[in-house]
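Only this structure's heavy atoms are used, side chains among them; waters, hydrogens and symmetry mates stay out. Numbering of ligands and ligand atoms starts at 1, following listing order.
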Amino acid sequence: MSGLDIRERPSPNHGDRGEPPNLRPINMLVLHYTGMQSAAAALDRLCDPEARVSSHYLVEEDGRVWRLVPEARRAFHAGVSCWFGEGDLNWVSIGIEIVNPGHEWGYRAFPEPQMAAVEALCLEVIGRHRIPSYRVVGHSDIAPDRKADPGELFDWPRLAKAGIGIWPPPAENAGRRRGQGVGLVHRTAGLADLARIGYGVTAATEQVALAAFQRRFRPERWDGLLDGETSLRLRQVRMAVEAAQAAEETRRRTRFN
Ligand SMILES: [Zn+2]
């Protein structure tokens, strides 16, 4: 069915997805980087029963794809997490680990063969579970106080062009407003936009959530400060999310009528 050659490397770290009426549908895709010195080390850890961590897939830098946990099972990749006010996202998500040393071991660009495989794999997963674009996220989006992956070098615009996730092109000249502060009214509106996009926003998390937003949507600078450019970008992304939600709603209604 697919051109992807997936190798098996079963991990013992998984659980069930619950029984009705507590069975939650798979409707989210979470992308990670491994943050370890090698692919072999990452595979070992994701399969180590003591580590209690796993993902459904791992994609190496040369584009090789490994399946560690069947999609029907719950992998342990998201940890304490929140999106649109919903927690425990392992229950509803598919997790893909993308090999990269990460910020700790020498963060670097994701090579083309790897991105091509990530793109193909994401398209399969999204198609299989009809995952809406606004529920395709990075680990840092759903756990911004703990995580920075897949990070600012990850090519979200490329994936969006292929129909994976949300990434509207930025307005021209928006960069001129980088670093310029915004007033209180814009600040309140900006934080409301951030929450409307899906981020968990409280007084304690607002700066890290803003930094996570920037890593993904304004990767030139991720200082967590709500400057004029970030505020414009928030509004743009919010509109893209709302348009996608409206389209999803229409699709669902026509399916059931
Ligand atoms: Zn992660």
Could you tell me how the ring of His103 sits relative to the ring of Tyr33: parallel (under 30°), tilted (30 to 60°) or perpendicular (over 60°)?
tilted
Atom pair CG/CE of Leu89 and Met28 - distance to nearest 0.5 Å
5.0 Å
The atom of Asp149 among N, O or S that is nearest the Zn ion (ligand 1) is OD2
Tell me whether Arg233 is salt-bridged to Glu229, with the criterion being a basic N under 4.0 Å from an acidic carboxylate O.
no
Using a strict cut-off of less than 4.0 Å between a Lys/Arg side-chain nitrogen and an Asp/Glu carboxylate oxygen, indicate whether Arg218 and Asp227 qualify as a salt bridge.
yes
Within 2.8 Å of the Zn ion (ligand 1), is there any N, O or S atom belonging to His32?
yes
Atom name, His139 (N, O or S, nearest to the Zn ion (ligand 1))
ND1
